[in-house]
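In what follows, every heavy atom counts, from backbone to side chain, and hydrogens, waters and symmetry copies are set aside.
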Amino acid sequence: MKKLRVGILFGGRSGEHEVSLLSAASVLNAIDKEKYEVVPIGITKDGRWLTAEHAENLLTGKAGKSARPTHLRAGDPETTPGAAVLEQGESVVIPPEPVHRDRGLMPFQSDAALTRRASDRAINVDVIFPVLHGTFGEDGTIQGLLELADLPYVGAGVLGSAAGMDKDIMKSLFIAADIPIVKHVTILRSAWEKAPKKIEKQVASKLKYPVFVKPANLGSSVGISKAHDRKELGPAIEEAAKFDRKIVIEQGVGGKKQKAREIECSVLGNDAPIASIPGEIVPVKEFYDYNAKYLDEGSELIVPAKLTKAQTKQVQELAVRAFKAVDCSGLARVDFLMDPKTRKIYLNEINNMPGFTAISIDPKLWAASGLSFRDLIDRLIQLGIERHADKKKNQYRR
């Protein structure tokens, strides 16, 4: 049988660029090479698309002739061997043009001389695995490009990606679905810049400290701070405002002596999604921030989470409801907070393209549920193709 050509799309312009490199390298190592022909497709930090050869060099740690191969390290560009490749790699220009014979992302039309260049060749693939995290990769933008190109791809569609990325819209959908969430306030960066004292009063009137301050559209805990009092609120908002025009401020769960328990549950599927065994994160820091996720050692993932059967069932049911509420497909990781005193469970957020690094939660939860990393990748590719086939049933003109 002819191998299916899978384009692993990684990198991108977001603050989670290095995390994407790690995720893509893990997928590249784990994917069944006998079943799939893999085409690495890299996107630089400034948005240039790289040819497969240079993209693969980036993933395998070969940063150029003069550079020494080193291990990829999320969040630490100096030790991530991408800089030389990103500078030297030949870029490709990709318009969203549907291809009817050989599926792929086709280059712009140009004269005969230009089409001879390697940078103007098409990227012909059967399905795209967008291992992109954060802005321009997990927020519906790249999904829109792939929809216009009529290409099957792994993960949520345009709506599910956008809704699952925007913490403000996400919470509105959870409220509409009667899913318990913590109290929160959403503010605009422009409102904070015009009247910071007014915003401080608004937060104080609606929430109790400590609070978590987050950019509405970002992942991997980038730009997130914990404000223990009004004095710390301003700097936390300033930090979040660097990354988005909308800032979400959430009331903390738990107290000084007992922190909230952080429960994770993964969901897999399209129209009939299923939930994994839940796990629990015990962060090395005060909360599970970017450094705790990708740089610092010591954070612990307990699988299965120490929950009663009733609590486990509740988490799994809420995870599936959250998945459906934002119209997700393919995969998602759903994060929960449990009050240490009341044991009430709150849905924190959904991540529609969770990390796929060697230490990431999602593959570990599915492994504990009986699905290996290789089989998980295989199932995700199948789900992407199934979703595309289902969408092809739609009629777009009379």
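Pairing each heavy atom of R333 with each of P354, the nearest pair is NH1-CB, 3.6 Å. Nearest heavy-atom pair across I377 and A30 is CD1-CB, 3.7 Å. The minimum heavy-atom distance linking L383 with N270 is given by the pair O-ND2, 3.0 Å. Heavy atoms only, all atoms of each residue included: K392 and D150 are closest at NZ-OD2, 2.8 Å. In plain terms, the two heavy atoms of F174 and L347 that are nearest each other are CE1-CD2, 3.2 Å. Nearest heavy atom pair, residue G11 against residue L21, reads CA-CD2, 4.2 Å.
Counting only distance, with no hydrogens or angles, the side chain of R5 and the backbone of N124 share a donor-acceptor pair below 3.5 Å. Under the 3.5 Å distance criterion, the side-chain polar atoms of Q143 are matched with a main-chain donor or acceptor of G137. Checked by atom type and distance alone, the side chain of K33 never pairs as donor or acceptor with a backbone atom of V38 at under 3.5 Å. When atom types are taken as modelled, the side chain of Q311 and the backbone of T308 share a donor-acceptor pair closer than 3.5 angstrom. A donor-acceptor pair under 3.5 Å is absent between the side-chain atoms of N351 and the main chain of M353, judged by distance alone. The backbone N or O of D139 sits nowhere less than 3.5 Å from a side-chain atom of S161 that would complete a donor-acceptor pair. E280 places no side-chain N or O within donor-acceptor distance of the main-chain N or O of V303, the cut-off being under 3.5 Å. Checking side-chain atoms of R245 against main-chain N and O of S190 turns up no donor-acceptor pair under 3.5 Å. Distance alone, capped at 3.5 Å, places no donor-acceptor pair between the S266 side chain and the S276 backbone.
Enclosure of atom CG in D178 is not indicated, since only 12 or fewer non-hydrogen atoms of other residues, nucleotides or ligands lie within 6.0 angstrom.
For P363, the side chain to side chain contact (heavy atoms under 4.5 Å, CB included) test picks out F356, S360, F373, with sequence neighbours left out.
With respect to the salt-bridge test (charged N to carboxylate O, under 4.0 angstrom), the residues D362 and K364 do not qualify. A salt bridge links R48 to D46: at least one charged side-chain nitrogen sits closer than 4.0 Å to a carboxylate oxygen. With respect to K214 and E250, a salt bridge is recorded, a charged nitrogen being found less than 4.0 Å from a carboxylate O. Salt bridge status for R261 with D339: absent, with no side-chain N to carboxylate O gap under 4.0 Å. Contact check on K35 versus D378 returns a salt bridge, with a Lys/Arg side-chain nitrogen under 4.0 Å from an Asp/Glu carboxylate oxygen.
Under a hydrophobic clustering in which Ile, Leu, Val, Met, Phe, Trp and Tyr are joined whenever their side-chain heavy atoms come within less than 4.5 Å, directly or via other members, L371 and V267 fall into different clusters. A continuous path of ILVMFWY side-chain contacts below 4.5 Å connects L207 to I237, so both sit in one hydrophobic cluster. Using a 4.5 Å cut-off between side-chain heavy atoms of Ile, Leu, Val, Met, Phe, Trp and Tyr, with links allowed through other members, L376 and L28 fall into the same hydrophobic cluster. Cluster annotation: V213 and I187 are assigned to the same hydrophobic cluster (Ile/Leu/Val/Met/Phe/Trp/Tyr, side-chain heavy-atom contacts under 4.5 Å, transitive). F212 and L337 end up in different hydrophobic clusters when Ile, Leu, Val, Met, Phe, Trp and Tyr side chains are linked at under 4.5 Å.
Taking 4.5 Å as the limit, every side-chain heavy atom of V154 sits out of range of all side-chain heavy atoms of I128. Side-chain contact between Q382 and R379 is present, with at least one heavy-atom pair separated by less than 4.5 Å. At a threshold of 4.5 Å between non-hydrogen side-chain atoms, the residues I350 and M170 count as touching. Using a 4.5 Å heavy-atom threshold, the side chains of C265 and Q316 count as touching. A heavy-atom distance below 4.5 Å is found between the side chains of I142 and L145. Counting only heavy atoms from C-beta outward, the side chains of V203 and Y209 approach each other to under 4.5 Å. Residues D335 and E262 form no side-chain contact, since every pair of their non-hydrogen atoms from C-beta on lies 4.5 Å or further apart. A 4.5 Å side-chain heavy-atom check between V6 and E37 finds every atom pair outside the cut-off.
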Q: Decide side chain to side chain donor-acceptor pair (under 3.5 Å) for D375 and S372; before the verdict, give the C-alpha distance in whole Å, the side-chain angles of both, and the deciding distance to 0.1 Å.
A: CA-CA 5 Å; D375 289 339; S372 71; 3.2 Å; yes
Q.
Is there a side chain to side chain contact (heavy atoms under 4.5 Å, CB included) between V253 and K341? Walk through the geometry before answering.
A. CA-CA 10 Å; V253 177; K341 289 185 178 180; over 6 Å; no
**Q.** Criterion side chain to side chain contact (heavy atoms under 4.5 Å, CB included) on N348 and V334, from CA distance to verdict
**A.** CA-CA 8 Å; N348 186 26; V334 188; over 6 Å; no
Q: Just do the side chain to side chain contact (heavy atoms under 4.5 Å, CB included) check on S23 and F10 with the steps written out, would you?
A: CA-CA 8 Å; S23 292; F10 66 94; over 6 Å; no
Q: Carefully, step by step, assess V127 and L4 under the rule side chain to side chain contact (heavy atoms under 4.5 Å, CB included).
A: CA-CA 8 Å; V127 60; L4 206 66; 4.3 Å; yes
Q) Does the pair E147 and K391 meet the rule for a salt bridge (charged side-chain N to carboxylate O under 4.0 Å, His left out), with working shown? A) CA-CA 10 Å; E147 289 285 354; K391 194 164 187 179; 3.0 Å; yes
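For the atom pair CD1 (I247) and NZ (K167), the distance works out to 12.0 Å, reported to the nearest 0.5 Å. L132 contributes atom CG, which lies 11.5 Å from atom CD1 of I8 (distance to the nearest 0.5 angstrom). Atom-to-atom distance recorded for L268:CG and L331:CG is 7.0 Å, nearest 0.5 angstrom. Here the CG atom belonging to L318 is positioned 12.5 Å from the OH atom belonging to Y346, to the nearest 0.5 angstrom. For the atom pair CG (D327) and CG (N352), the distance works out to 11.0 Å, reported to the nearest 0.5 Å. Atom CG of residue D244 and atom CG of residue N217 lie 4.5 Å apart, to the nearest 0.5 angstrom.
At a cut-off of 3.5 Å, with distance as the only test, a side-chain donor of S329 or R387 sits close to an acceptor on the other residue.
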Tell me which donor-acceptor pairs under 3.5 Å the side chains of residues 191-202 have, and how far apart each pair is, sequence neighbours excluded?
residue : atom : partner : partner atom : Å
W192    : NE1  : E238    : OE2          : 3.0
E200    : OE1  : R230    : NE           : 3.2
E200    : OE1  : R230    : NH2          : 3.4

Listing, residues 179-186 side-chain donor-acceptor contacts under 3.5 Å, not counting sequence neighbours, or none:
residue : atom : partner : partner atom : Å
T186    : OG1  : D168    : OD1          : 2.9

